[in-house]
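Heads up: the structure comes next, in structure tokens.
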Amino acid sequence: MPELPEVETIRRNLESHIVDKQITAVDIFLPRLVKWPSADEFRARVLKKKINRLERKGKYLLLRLQGDITLIIHLRMTGQLYIAEAGHVTDRFERIRLHLDSEEVLVYSDARTLGTWYVMPDHELGRVHGLESLGPEPLSEPFTVSYLAAIFRSRTGKIKSLLLNQELIGGLGNIYADESLALAGIYPERPANSLNSDELEALHQAINTVISQALQNAGTTFRDYRNGYRQEGHNQHHLRVYGRKGQACPICGSTIVRIETAGRGTHYCPQCQH
DNA sequence: CGGTAGACTTGTAAGG
DNA sequence: CGTATACAAGTCTACC
């Protein structure tokens with residue numbers, strides 16, 4: 001699913017529609033998406049609560065609710081979260097619906113049903129696996145070249161795999177990992193500790209550029225992604241390598257190749273990336 | 001600790 | 001046109 005730019009776009013879209021609104025009813029059509037507590041207990045805990053803030057950490061969305069509790073949503077591969085007019089939703093993949101004390105509802109739709117929902121007291125957020133162990137995000141102050149150098153120095157694993165590790169860098173996913181390596185001119189299966197200082201500099205710059213452009217373009221709709229208004233993003237028109245197997249590299253014209261790296265599809269230009 | 005394969009789940013595209 | 005296939009924006013667990 002959505003990586004950092006997509007989740008952030010959704011957050012920005014939804015914020016003004018849901019902050020300061022009260023949750024007046026909860027429809028849970030697929031209870032197993034609620035990982036904690038039970039679906040019934042989840043409903044009881046969020047009912048009648050006001051939404052104070054909408055935040056994002058990595059690929060997680062956090063609805064800060066009245067009463068020092070937080071509703072945590074991870075969209076995984078195909079989750080969509082959008083605002084709709086009450087009574088005007090037709091979506092065969094709708095899984096959960098939050099009714100607000102406005103004329104709008106917050107709809108969660110998910111074709112592959114891999115998404116995860118939790119509600120936790122704020123002091124127990126550490127129980128949401130992966131949430132508190134996120135590494136620094138691209139474009140953030142602690143995400144520096146020296147940080148990259150430090151985490152890669154002693155690791156022999158493939159650079160592509162490490163870029164996907166959320167504990168090292170928060171928010172990158174398969175599309176932007178490939179795009180960042182393409183922009184930096186680095187072959188995805190290079191051992192991480194083999195990058196020299198110029199390459200580390202180029203990769204750091206490339207990650208920030210790729211994420212920044214994706215944010216400006218309101219995310220990449222390769223297939224399922226939709227923003228908070230159920231609209232497509234625009235960044236799919238600016239991809240260099242992702243999903244472009246057999247097509248020409250925009251830089252050199254060589255044919256883009258697809259391989260499998262650590263179980264994930266990986267796209268690169270054999271001419272530009274070493 | 002590091003790294004990888006498999007699992008979860010179901011729709012859609014590509015290809016025969 | 002149906003599907004005997006392949007692949008998918010992610011992460012968690014088991015295992016070496």
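Each chain gets a letter, A, B and so on, in the order its sequence line appears, and its residues count up from 1.
The separation of C:dG10 from C:dA6, taken at their P atoms, amounts to 22 Å, rounded to a whole angstrom. Taking atom C1' on both C:dA8 and B:dA14, the two are 13 Å apart, rounded to the nearest angstrom. A gap of 16 Å separates the P atoms of C:dA14 and B:dT9, to the nearest Å. Taking atom P in both C:dC7 and B:dG16, one finds a spacing of 13 Å when rounded to whole Å.
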Original post:
Please walk me through it: do A:T70 and A:V128 pass side-chain contact (heavy atoms from CB on, under 4.5 Å)?
Top reply: CA-CA 11 Å; A:T70 298; A:V128 179; over 6 Å; no
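Inspection of the A:Q213 and A:T209 side chains reveals no N or O donor paired with an N or O acceptor under 3.5 Å.
Rounded to whole Å, atom P of C:dC12 lies 13 Å from atom CD of A:E132. Note: NE2 (A:H267) to C1' (C:dA8) measures 10 Å, nearest angstrom. Atom CG of A:L168 and atom P of B:dG3 are 9 Å apart (whole Å). Counting to the nearest Å, the P atom of C:dT11 and the CG atom of A:N165 are 10 Å from each other. In this structure, A:N174 places its CG atom 12 Å from C1' of C:dC7, rounding to the nearest Å. As a whole-Å value, the separation of A:L162 CG from C:dT11 C1' is 16 Å.
You'll find that the side chain of A:F93 is closest to B:dG11, out of B:dG11, C:dA8, B:dT10. When the nucleotides B:dT4, C:dG10, C:dT13 are ranked by their closest atom to the side chain of A:H74, C:dG10 comes out on top. The nucleotide whose nearest atom lies closest to any side-chain atom of A:R112 is, among C:dA8, C:dC12, B:dG11, C:dA8. Distances from the side chain of A:H129 to the nucleotides C:dC7, C:dC12, B:dT4 place C:dC12 closest. For A:R223, taking side-chain heavy atoms from C-beta onward, the closest of the listed nucleotides B:dT12, C:dG10, B:dT4 is B:dT12. Of the candidates C:dA8, B:dT10, C:dC12, the closest approach to any side-chain atom of A:R32 belongs to B:dT10. Side-chain atoms of A:L114 lie closest to C:dG10 of the nucleotides C:dC7, C:dG10, B:dG11.
Without hydrogens or angle criteria, A:N227 side chain to A:I10 main chain gives no donor-acceptor distance under 3.5 Å. Side-chain atoms of A:Q166 never come within 3.5 Å of backbone atoms of A:G135 as a donor-acceptor pair (strictly under, hydrogens ignored). Formation of a donor-acceptor pair under 3.5 Å by the A:E199 side chain with backbone atoms of A:N196 is found in this model. Side chain of A:Q80 to main chain of A:R226: no donor-acceptor pair is present (N/O by atom type, distance under 3.5 Å, no hydrogens or angles).
Within the 4.0 Å cut-off from OP1 or OP2 of C:dT11, at least one side-chain nitrogen or oxygen of A:K59 is found. Between C:dG10 and A:Q166, no contact under 4.0 Å exists linking OP1 or OP2 to a side-chain N or O.
Looking at which nucleotide of DNA chain B each of A:A262 and A:R95 is closest to, the 5′-most match is held by A:A262. When each of A:G263 and A:R92 is assigned the nucleotide of DNA chain B with its nearest heavy atom, A:G263 is the one assigned upstream, toward the 5' end. Heavy-atom nearest nucleotides on DNA chain C were determined for A:Y60 and for A:E260, and the one closer to the 5' end corresponds to A:E260.
At the heavy-atom level, A:R226 lies nowhere under 4.0 Å from the strands shown.
Considering only residues two or more places apart in sequence or on other chains, A:R53 meets the salt bridge (Lys or Arg N to Asp or Glu O under 4.0 Å) condition with A:E55.
Checked against the 6.0 Å centroid threshold, A:H204 and A:F143 count as a close aromatic pair. Proximity of the aromatic rings of A:H74 and A:Y60 is defined here by a centroid distance below 6.0 angstrom, and this criterion is met. Taking the six-membered ring where the residue is Trp, the centroids of A:Y229 and A:Y82 are separated by 6.0 Å or more.
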Subject >> Base-pairing string, 5' to 3', of DNA chain B - Watson-Crick or wobble, under 3.5 Å, | interstrand >> reply: .|||||||.|||||.|
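For DNA chain B, the neighbouring residues in residues 152-161 of chain A, judged by any heavy atom under 4.0 Å, are A:R155, A:T156, A:G157.
Shown here is A:E103, whose CD atom has no more than 12 heavy atoms of other residues, nucleotides or ligands within 6.0 Å.
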